[in-house]
Amino acid sequence: MEGASLHLHVLARIPEAAEQAFLRWGLLRDSSRSISDCKHPAFVLGETVQVLSWILLSLAAFSFQKTKSAKLPLIIRAWWIFSFLQSITSVVFDLRSILLDREYLGPEKWINLFILVICTLLLVISARGKTGVTLVDNSITEPLLSPSVGQQTETKRPCPYGKANLLQLVTFSWMNPVFAIGYKKPLDKNDVPDVYGKDSAEFLSDSFKKIIDDVERRHGLNTKSIYTAMFLFIRRKAIMNAGFAVLSASASYVGPSLINDLVKFLGGERQYGLKRGYLLAVAFLSAKVVETIAQRQWIFGARQLGMRLRAALISHIYQKGLRLSCSSRQKHTSGEIINYMSVDVQRITDVIWYTNYIWMLPIQLSLAVYVLHQNLGVGAWAGLAATLAIMACNIPLTRMQKRLQAKIMAAKDGRMKSTTEVLRSMKILKLQAWDMQYLQKLETLRNEEYNWLWRSVRLSAVTTFIFWGAPAFISSITFGACILMGIPLTAGTVLSALATFRMLQDPIFTLPDLLSVFAQGKVSGDRVAKYLQEEELKYDAVIEVPRNDTEYDVEIDHGIFSWELETTSPTLKDVELKVKRGMKVAICGMVGSGKSSLLSCILGEMPKLAGTVRVSGSKAYVPQSAWILSGNIRDNILFGNPYDKEKYDKIIQACALTKDLELFANGDLTEIGERGINMSGGQKQRIQIARSVYEDADIYLFDDPFSAVDAHTGSQLFKDCLMGILKDKTILYVTHQVEFLPTADLILVMQDGNIVQKGKFDELLQQNIGFEAIVGAHSQALESVINAESSSRVTSTENSKPADTDDEFEAENETDDQIQGITKQESAHDVSQDINEKGRLTQDEEREKGGIGKKVYWAYLRAVYGGALVPVTIAAQSFFQIFQASNDQSVLDLEIANKLGWCVFSVIQILGTIGVMSQVAWPVFAIFVPVTVVCFMCQRYYIPTARELARLSQIQRAPILHHFAESLTGASSIRAYGQKDRFRKSNLGLVDNHSRPWFHNISSMEWLSFRLNMLSNFVFAFSLTLLVSLPEGFINPSIAGLAVTYALNLNSQLASIIWNICNTENKMISVERILQYSRIPSEAPLVVDYRRAPNNWPLDGTINIRCLEVRYAEHLPSVLRNISCTIPGRKKVGIVGRTGSGKSTLIQALFRIVEPREGTIEIDNIDICRIGLHDLRGRLSIIPQDPTMFEGTVRGNLDPLNEYSDQHIWEILDKCQLGDIVRQSPKKLDSTVVENGENWSVGQRQLFCLGRVLLKRSNVLILDEATASVDSSTDAIIQETIRGEFRDCTVLTIAHRIHTVIDSDLILVFSEGRIIEYDTPLKLLENENSEFSRLIKEYSRRSKGF
C-alpha cells in the first residue's frame, strides 16, 4: 500500500496546487479590476464558490484511501474534464487578444497558462479513471501444485503498457524495451509482451457477452440490438478518442488563422517589436505540438478500440459456431463462417477508426468557414458551397460502392468456400485426377471476384480524381466569387485561405473513404449480425436427470426426430427406448436406416419434433468419421483432462495402441497432421476410442468404431475396452459386425428410421422378421471363410496341434513383439538426431526474417491480381494441412496498390514543399538535413522490430482460423464431451497470441510517428524563428507566407512518407507469404509430352514392383521397406495386414501421392514415375478409405466433368444400391449434397464412391476398405457387383473383413511396412503358422460365439 499512498499523495496535491492557483488567479483578477467592478458582488460570490468547491474536491481526493476506492467518481471526472475545456477556452481567447488586440502577456495570462497545464494533467487522470489505490489480496495466490502435462500455462510476460506513466503514454516510450530487443535480434513470439488486462480476449469476451445478453433481454436479438451492443461495448473509450480527435482537428486550424497576421508582421507591422513575431512562432509551435499529441492519441486509441471489438466479435462468432443447430450449420459453410471471422470482422473494426471523422468533419468545416470569413468575409460562403457540392457527389458514388462491396463479399465467400473444400478434399481430387478441373473452377470464381474488384477500383479512381481536384476547384470558386463581389484579396488573406483549403483536403479526402468504409462495414456488420441471430441447438431437447433419481441412463418416449424441420417424413419415428445403467446396447441395420441419427438424438444434436429424451450421466462419443485435432497423440487422448500415467498406459494397452506408439520416434508425443493425415484410418479410430475411455464418462456412444480396424484389433478393442475397462458403463454401439451382437444386453434393429426389432440375439433370431437378413449375410461370409480354411487342411495330420489354442496365440504375440523391437531399432537410425523434429510430418508456417527483398516488390508488380490462392491447389501432398486464410488475398486486392500510390504521392508533396521553402529560407536546410537524417535513423531503428511484429501478427492469425475450422468439424464431439468452455478458452488464447504482436505493432507505428512529427515541428519552429528574426524588407512577405503555408504540412508530409514506406513494407509481408505458398514444392508434371501412355493403357493391368521404399518425409523412417512383387494382369489380389502395416501407403505410392524414395513400379511395362500424373491417375480407379463428397448435387458428385448421360448415371446408382434413395427425393439427380456430404450417412458416401469407379471403368481398380461402413448384406451385394463389373480387370482389395478377400486369386500380407507373405489363399492356409492363417483363425474365433 506504500506505493499506492505515494501515488495518492501526488494525486491529492494536484487539486491543492490548482486551488492555490485559482486563489491567486481570483486575487489577481480582483486587483486588476476597476473600482466599478466592486458594485457587482455576484462576481465575488462566484469566485468564492469556485474556491470552496476546489477545497471540497481536495478533501474528497484525500478520502479515497480511507474508502479504498480504486476508481474516480464520475462527477469528479466530469468536473475535471469541464475544467480543462474552460481553461483551454480562456487560453485561446488570451492568445487571440495578444495577437489581434496587441495586449501584453500579463500575470493573469501566465496564470491561465499554468492552470491549463494542471487541468491537462487532471484531464488525463480523469480519462484513466483510477485513484492509484491498489487493493492487494493477502491470501495465498500461488497454486499448491504445478500444472500437469497438457495443462502447462504460458509464461507471463510483463505488460509495459499497463505500467506506463503519463509521459510514457504520451511519447509511447513504454515501447523502448521492445525496440531494444528487436534491434539486436529478430523478435520471437516470446519476446513480445502480454496485452494489458483490459485488452485480453477473455475480459473483452465476457464484457461483450454481458452487454449483448442485457440488450437481448430488453429488446430481443435482432440486427439493431447487435449494433446497439457493439456501440455500448465501445462507447466509453470512443468518447475519449472523440475528445482527442476534436482537439487535434481544432488545433490544426490555429496555423491557417494566424498566417495573415504573420504576413502583416513580415510586411512591416512591427510597432510591438520582435516580441510579437516570437509570440506568433510560439503560437504556431504550441498548436502543432497539441495537434501532434492529440492526433497520435486518438489514432492509437481507435486502433486499440478496433482490436478490442475484433477480439470480442471473434470469440462470439467462435462460440456461436459451437452452438449452431444442424439447419443453421447447413446455411453457412466453413468457408463463409471463416470469412465472417477474418474479412468481415476486420471491416467492422475499420469503421471504428473512421468513426472519429464523423465529429471531426463538422468541426473542421466550421473552423475552415470561420477562418475564411475572417479573411474573405462573405466570400467564405462560396467556398463552403463548393465544398458541400463536392461532398454531395459522394452520395451516388457511395451507393454504387456499397452495392459493389456486397457483390465482392458474395464472390469472396464463393471462392473461399470452394478453396476450403478443395484443400480439405485434395487427396480425392488427386486420386481421381480432377485437380485441374477444380483449379479451373477456382480460377472462374476468382475471375468473377476480380471483375467486381475491377469495377470497385475504377469507381474508386473516379472518386479519387474528383477529390484530388477539389482544393483547386474550391479555390477557384472562392476567389472568383470574391472578385465578383469586390472583396479585396491581399497576399495574407489569399495565403491564409490557401492554407485553409489545404486543411480542407483532409476532410474532403477522408469523406469518400469514410463513406466507402461505412458501406463496407454495414455490409459486413449485417452479415455478422445475421449469423449471430441464427438458430441454436435446443438445450431442452434432452432432459438431464440426476444419477440418484433414476435407474435408466437413457430414456426416449414417443420420440420423433428429423434433420429437416419442415418435412412430412421424419428421420426417426416413434422411438421408444429404455436403457438401464450398465447395459450394452447394439444398434444394427442397413445403410441409411437411421443408426447414427439415433445416437445424434441422444446427444441432442438432432431436432426433436415430439416426445421426450432423458439422459442421466456424462457422455463420451466416438463418431463414425474420426475427428483428430492437430497436435500430438497424447493431447488428442487426454482431451483436456489431467495426465494420469497409470490410467493412461492401461488405456493405451486396451486400445491396441502400444505397438503403434513404439514405432513412432516420439512415441505419443508424435505430431499429428491436420485431420490426422499422417495416421492410418485404424490408428485415428483407436485414438478416438482411447480419448473416450480416458474421459471416464457414464454413457458411451460408439458409431461403428470397428469398421476401420482389422479383425484382430477389433476383437481386442471389443474385449479389452467395451467388455473390459468399460464393463460397468452404459454403452450404445452401432456396428455392422454381427459377431459383436451376441454379447449385447439389447439389440436394436433399425429400418427406414424405425426400431423394427429389439431384444437379445437369440430372441431376434426366433422372431424371424428382418434380423435374419443381416445375420444371413454374415453367415454366408463366415461360411466362405470356414470352407476355405477347411479345404486347406484336408491334408492335415490328425496329431497336429490345434491351431486356435490360447497358447499358440500367446506365442504368436511374443514373436510379434520381437519383430516390433527389430523394426523400432531400424527406424531409430533413419530419423533426425534432433528430438524435437523426430516423427514430425507437420510443418509450422514458414516465417521470413530480415528485410523485404526487392524480389517481392518485383513479383508483386509483375503479377498484381494473379489469383494468389491458386498455387496452393497444386501443392505437394505434405502440405495438404495448409489452411490459407483469405486475409492476404484481401490485402493484395485492396490495400497494397493504394499504399504504394500514397508513397509516391508523399514523395512528390515533400519535394514540392522543400522546393518552395528553399526559395525563401535556405538556411532551413542547415537543420532540415540533419533532422531528415535523424528521421531516417529512427526509421532504421523502427523497421526491424515493426517488420517482425507484423510477420508474427500475420502468422498468429492463421491458428485462430485453423482452430475454428477444426472446432466446426468436431462441434458434435466438443458438445458431447462438455468441452465447449475449454475450446472457448483455447480460442481466446489464440486471439491473445494474435493481439500481442498486433497491438505492439500499431504501438510501434505511433512511437515512430510521434517522433517524426515532433522533429518536423522542431524544423517548422526553427524556420519561423528564422523568418521572424530576419531584418524588415529582407524577404518578400508574400513568399515567406507561402513558405509557411507549405511548412504547416511539413510534419504531416515527412511523417506520411516514412509511415507509408513502413506501412507498405508491412503490407508487402502478405505478398511475401503468398510467394512462400507458391514456392511450396509442386508435384511432378501432370503431363509429360514426350512420354505419353498409350490410349488403351493399362490393357492387362500387370503391376511389377521392385525394391520399393517409401517415406512421408526425408527426416521420417521408411513406411514401406524393400517391397518387391508382381501382380498378374486381370487377377484379384487381396491385401491384408494389421492396422498401420503399410497397406494404404502402397496404394498412395501406386497413385504417386507419395513419391518412391527408391525402387520402381511398372504397370504393363511402363514405369509410372516417368509418365505424367494425369496419365497415371486418370487410368486407375479407386474407392478410398475416407469417403469424400463435395457440396453440390448427386450428379455433380458422380460426374463432375459432365461426361455421362442421366440414364447411365441411374444405372450406376441402381448397381450401388442408391437408386431408390435418390428417386425418393423430389430433385432426383439434382438432390442436394451439403458441405462434406454431411446430409448423407458414411455408408451412403462410400456407395457414391463406388458409383464413381463404376462410371470410370478402368482396367485397374483399387478398393481401400471400400465397404467398411456398410452392413454385411449391402457388402455382399457390392462385392457381387464388383465381381461382375470388373471380372476382366486387375482388382486390388485392402480389407479388414477377411471374407471379402477370401475368394481372391492371390493374397498379399503386410506387416510393419514389409511383404511377409504372397501366395494363393489355399497355399497360405495350408501353412498353419502363416500370418494369413492367423488372421483367418482370429476371424473364425471371433465369430465362434455367434
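- A distance-only check finds a donor-acceptor pair linking the side chain of Arg1177 to the backbone of Arg1152 [under 3.5 Å].
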Under the side chain to side chain contact (heavy atoms under 4.5 Å, CB included) criterion, do Ile587 and Phe702 qualify, and how do the steps go?
-> CA-CA 10 Å; Ile587 306 166; Phe702 291 125; over 6 Å; no

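- The backbone N or O of Cys1107 sits less than 3.5 Å from a side-chain atom of Ser1124, completing a donor-acceptor pair.
- Closest approach of Trp1097 and Asp1175 over heavy atoms only: CZ3-O, 3.7 Å.
- Remark: Ile1103 CD1 to Thr1126 OG1 distance equals 10.0 Å, nearest 0.5 Å.
- When side chains are defined from C-beta on, Cys1169 counts as touching Pro1156, because their heavy atoms get closer than 4.5 Å.
- Taking CG from Leu1198 and CZ from Arg1252, the interatomic distance works out to 7.0 Å, rounded to the nearest 0.5 Å.
- Residues passing the side-chain hydrogen bond (donor to acceptor under 3.5 Å, both in side chains) test with Arg1245, sequence neighbours excluded: none.
- Between Leu1150 and Ile1168, the closest heavy-atom pair is O-CD1, 3.4 Å.
- Of all non-hydrogen atoms in Thr1281 and Lys1215, the two that sit nearest each other are OG1-O, 3.5 Å.
- Tyr700 places no side-chain N or O within 3.5 Å of a backbone atom of Leu726 that could act as its donor or acceptor partner.
- Defined by atom type and a distance below 3.5 Å, a donor-acceptor pair is missing between the side-chain atoms of Arg1314 and Asn1122.
- Counting heavy atoms from C-beta on, the side chains of Ile1262 and Phe1151 come closer than 4.5 Å.
- Heavy-atom minimum distance, Gly1251 versus Ile1212: O-CG2, 3.4 Å.
- When every heavy atom of Ala1084 is checked against every heavy atom of Leu1173, the shortest pair comes out as O-CD1, 3.3 Å.
- When all heavy atoms are compared, the tightest approach of Ile1135 to Leu1292 is CD1-CB, 4.2 Å.
- Residues Ser596 and Asp703 bring a donor and an acceptor atom of their side chains to less than 3.5 Å of each other.
- Side-chain contact between Val1136 and Leu1308 is absent, with no heavy atoms from C-beta onward closer than 4.5 Å.
- Listed by chain and number, the residues in a side-chain hydrogen bond (donor to acceptor under 3.5 Å, both in side chains) with Glu1158 amount to none (sequence neighbours excluded).
- Counted by atom type alone, Ser1333 and Glu1328 present zero donor-acceptor pairs between their side chains at under 3.5 Å.
- Judged by distance alone, the side chain of Asn1259 and the main-chain N or O of Pro1098 form a donor-acceptor pair under 3.5 Å.
- Between Glu1109 and Arg1157, at least one side-chain nitrogen of the basic residue sits less than 4.0 Å from a carboxylate oxygen of the acidic one, meeting the salt-bridge criterion.
- Put simply, the side chain of Lys595 gets close to the backbone of Met590: a donor and an acceptor are under 3.5 Å apart.
- One N or O on the side chain of Arg686 and one on the backbone of Ala656 form a donor-acceptor pair closer than 3.5 Å.
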Please assess Leu1254 against Phe1286 for the test side chain to side chain contact (heavy atoms under 4.5 Å, CB included), listing each intermediate value before the final yes or no.
CA-CA 9 Å; Leu1254 290 172; Phe1286 296 96; 3.6 Å; yes

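- In terms of modelled atom types and a separation under 3.5 Å, the side chain of Ser1304 and the main chain of Val1133 share no donor-acceptor contact.
- In this structure, Leu1261 and Ile1182 have side chains that are not in contact, with every pair of non-hydrogen atoms separated by 4.5 Å or more.
- Between Phe718 and Tyr733, the ring-plane angle classifies as perpendicular under the 30° and 60° cut-offs.
- In this structure, the separation between CG on Leu657 and CD1 on Ile687 is 6.0 Å, given to the nearest 0.5 Å.
- In this structure, the side chains of Leu722 and Phe740 stay at 4.5 Å or more apart for every pair of heavy atoms.
- Pairs engaging residues 1125-1137 under the salt bridge (charged side-chain N to carboxylate O under 4.0 Å, His left out) rule: Asp1100-Arg1130 [sequence neighbours left out].
- The side-chain hydrogen bond (donor to acceptor under 3.5 Å, both in side chains) search around Arg1170 returns none, not counting sequence neighbours.
- With contacts defined as side-chain heavy-atom distances shorter than 4.5 Å, the pair Lys584/Thr743 does not qualify.
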Show your reasoning for whether side chain to side chain contact (heavy atoms under 4.5 Å, CB included) applies to Gln1246 and Leu1250. CA-CA 6 Å; Gln1246 281 197 318; Leu1250 171 64; over 6 Å; no

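- Residues satisfying the side-chain hydrogen bond (donor to acceptor under 3.5 Å, both in side chains) test with Asp1164, not counting sequence neighbours, are none.
- Contact of the Phe1248 side chain with the Leu1213 side chain is registered, since non-hydrogen atoms from C-beta on lie closer than 4.5 Å.
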Going through the checks in order, is the side chain to side chain contact (heavy atoms under 4.5 Å, CB included) test met by Gln737 and Asp704?
CA-CA 9 Å; Gln737 277 95 324; Asp704 200 13; 4.0 Å; yes

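- One distance of note links CG of Leu1263 with OG of Ser1181; it measures 9.5 Å at 0.5 Å rounding.
- Of the inter-residue distances, the one linking Leu1176 atom CG with Ile1166 atom CD1 reads 10.5 Å to the nearest 0.5 angstrom.
- Glu1331 places no side-chain N or O within donor-acceptor distance of the main-chain N or O of Phe1310, the cut-off being under 3.5 Å.
- Applying the salt bridge (charged side-chain N to carboxylate O under 4.0 Å, His left out) test to residues at least two apart or on different chains, the pairs with a partner in residues 1255-1264 are Arg1257-Glu1285.
- Side-chain contact check for Asp668 versus Ile652: every heavy-atom pair is 4.5 Å or farther apart.
- A donor-acceptor pair is defined here as one N or O able to donate and one able to accept, closer than 3.5 Å; such a pair exists between the side chain of Thr1320 and the backbone of Lys1323.
- Between Glu1083 atom CD and His1174 atom NE2 the span is 8.5 Å, to the nearest 0.5 Å.
- No more than 12 heavy-atom neighbours from other residues, nucleotides or ligands sit within 6.0 angstrom of CG on Asn1165.
- Each of Asn1104, Leu1180, Thr1102 was scored for a side-chain contact (heavy atoms from CB on, under 4.5 Å) with Ile1163, with one residue passing: Leu1180.
- In this structure, Trp627 contributes its side chain and Gln688 its backbone to no donor-acceptor pair below 3.5 Å.
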